[in-house]
Amino acid sequence: MKTAEHPEQAAKFVANDERAHWHDQALWFVREKRDRMAVSLPEWEQLRSAASQIKLHTVSRLADYLEQFEQNATKLGAVVHWARDSEEHNQIVLSLLQKTGAKRVVKSKSMLTEECHLNPFLEEQGIEVVDTDLGERIVQMRKETPSHIVLPAIHIKKEEVSETFHEHLQTEAGNNDPNYLTEAARNHLREKFLAADVGITGVNFAIAETGGLVVCTNEGNADLGVSLPKMHIACMGIEKLIPHASDLSVFLRLLARSATGQPITTYSSHFHGPLPGGELHIILVDNGRSNLMGSEQFRNSLKCIRCGACMNTCPVYRRSGGHSYGTTVPGPIGSILAPSRDSKAHKSLPFACTLCGSCTDVCPVKIDLHHELLEWRGEIRQRGQLPMSKTVPMKLTSWMMRSPWLFRWVGAIGKFCLRHLPRWAIYHGLNPWGKQREMPESPKESFRELYQIHESKKASDE
Ligand code: SF4
């Protein structure tokens, strides 16, 4: 699959300077909230270590825990389905909806259903799907995709929300008051909740020991969505499993603090079997996760609890926007997950990184994100998927750096050019560095010359 390269998409985002700055600041604000929450807990690092170990242990025995979960969920009255990929997942959802004759579905936030492109699939079958998370509903009305896994509409300003609501919900033109807009959305969604035939939710944690599910939201929309319809369909990636109910406290304490800087998500809803007289269907989806589990280099990324902290802190994500990644999950973790599905289509993503390591520092489950991104760069090179614009300069640089005389000679030419060539001869299309930055000032002496001066001075002093 050919997708647009990250630099091209990012260039479109940064072309709107005001939006790029505002996006950067909005996410940095969330990152700072997260920091305050993290330092307020003396046991923060122990929690991160515990979460990492629980997830690693679960992934190492995933097959056993999945079977245990299926048995216990079935005992509670749920029906467990297994989907190899997104097509199977979508077909299972469709067959369940067709069985009940459902035409209207309400859905709380689920990155898995985004990954499987469930909405367009169901809409093609004549089924109305309404996303009930406020941010997701806004992007759905605008026919966009979420740009962030926790804050799906972070790229949209309140003035634009007002325009969208005016068009779709007939709110007052130009009224940007967040309370007014939220109230309008609430009234609109209430009608959808009341009319829904089936409720679909994602899953934050599935507990092998009990067969129960936990769904975390800030708006209570998952609870409302599954309380009225008779059927609840819960869609989850197989990595959402945790072994014991007692493990949950570790993850719930980390998740909201890392995601939005709250002590806990407003609603952490537990589902143990269907409602009386209702049906609960749980779809366990692989969609490439088993392959990732088999990869020693990238297995760690299965520990991800989708908190979004790595996005909020990433200098590239904050300045290029989530849509520039062209994937359901953007940012550092998305740049690891996407190439594992299709490295050719997403070959630019591991390079959308400064290797600053900030993502690794904030990750609540201690995924070594920047190391995995570096690993992906090597992997992409080995697979022969790097463009010539990267391979040729790298080969030339490596050749130059292996030859001391050539290195000296190129350095001297570089210094001369920086000092004497006219600006137009340095800042042109072949110099991407100079597009938005000034070249460094040419130093008087090179490091080698400085070293020699220092050494001869030392010798004469002795
Ligand atoms: S990789 Fe870590 S920081 Fe990023 S979303 Fe996943 S859990 Fe959060």
Side-chain angles (χ1 to χ4, degrees), residues 27-28 30-35 37-38 44-45 47-56 58-59 109-112 114-115 135 146-152 154 202-205 214 216 236-242 247-248 250-262 264-265 288-289 292-293 295 297-318 322 325 327-341 349-350 352-376:
L27 286 162
W28 188 249
V30 183
R31 154 80 210 253
E32 285 182 322
K33 272 175 77 186
R34 172 257 168 222
D35 289 350
M37 274 293 158
W44 183 254
E45 287 306 317
L47 280 173
R48 287 179 76 211
S49 298
S52 170
Q53 283 162 21
I54 293 167
K55 276 285 178 181
L56 263 186
T58 316
V59 169
K109 185 137 66 62
S110 150
M111 293 323 289
L112 179 88
E114 292 288 338
E115 174 186 321
S147 69
H148 188 288
I149 58 176
V150 175
L151 311 159
I154 188 72
V203 172
N204 288 89
F205 304 100
V214 179
C216 304
M236 60 175 269
I238 52 176
E239 84 286 9
K240 294 286 176 184
L241 219 57
I242 54 172
D247 300 327
L248 197 56
V250 173
F251 292 100
L252 290 181
R253 296 185 79 198
L254 287 167
L255 178 63
R257 286 181 169 90
S258 300
T260 51
Q262 295 165 262
I264 195 156
T265 33
R289 288 161 175 80
L292 211 50
M293 208 159 61
S295 148
Q297 289 158 293
F298 305 115
R299 185 180 302 142
N300 258 325
S301 53
L302 284 173
K303 294 193 292 183
C304 177
I305 56 170
R306 303 287 192 270
C307 70
C310 56
M311 291 155 216
N312 303 342
T313 198
C314 175
V316 177
Y317 175 90
R318 283 189 278 116
Y325 291 77
T327 54
T328 306
V329 178
I333 183 67
S335 301
I336 295 168
L337 297 175
S340 66
R341 292 218 176 85
L349 295 187
C353 169
T354 62
L355 298 179
C356 66
S358 183
C359 48
T360 305
D361 287 345
V362 298
C363 178
V365 285
K366 290 195 162 182
I367 301 175
D368 45 355
L369 288 150
H370 69 297
H371 290 118
E372 292 203 10
L373 285 164
L374 190 58
E375 286 277 338
W376 258 121

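On a predicted model such as this, the values are computed, not experimentally measured, just so you know. Counting starts at 1 for both ligands and their atoms, in listed order.
Of the candidates Cys363, Cys304, Ser358, Pro332, Pro332 is the only one forming a side chain to side chain contact (heavy atoms under 4.5 Å, CB included) with Cys310.
Checked by atom type, the side-chain pair Arg31/Thr313 shows a donor-acceptor distance below 3.5 Å. Side chains of Trp28 and Glu32: a donor-acceptor N/O pair is present below 3.5 angstrom, by distance only. Between the side chains of Ser49 and Lys366, a donor-acceptor pair is found at a separation under 3.5 Å.
Protein N/O/S atoms closer to atom 2 (Fe) of ligand 1 than 2.8 Å number 1 in this structure.
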Show the numbers, then the answer: is there a side chain to side chain donor-acceptor pair (under 3.5 Å) between Lys33 and Thr260?
CA-CA 7 Å; Lys33 272 175 77 186; Thr260 51; 5.9 Å; no

What do the steps show when you test Arg341 against Glu115 for salt bridge (charged side-chain N to carboxylate O under 4.0 Å, His left out), and what is the final call?
CA-CA 11 Å; Arg341 292 218 176 85; Glu115 174 186 321; 3.1 Å; yes

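Here the protein heavy atom with the shortest distance to atom 5 (S) of ligand 1 is Gly308 N, 3.2 Å.
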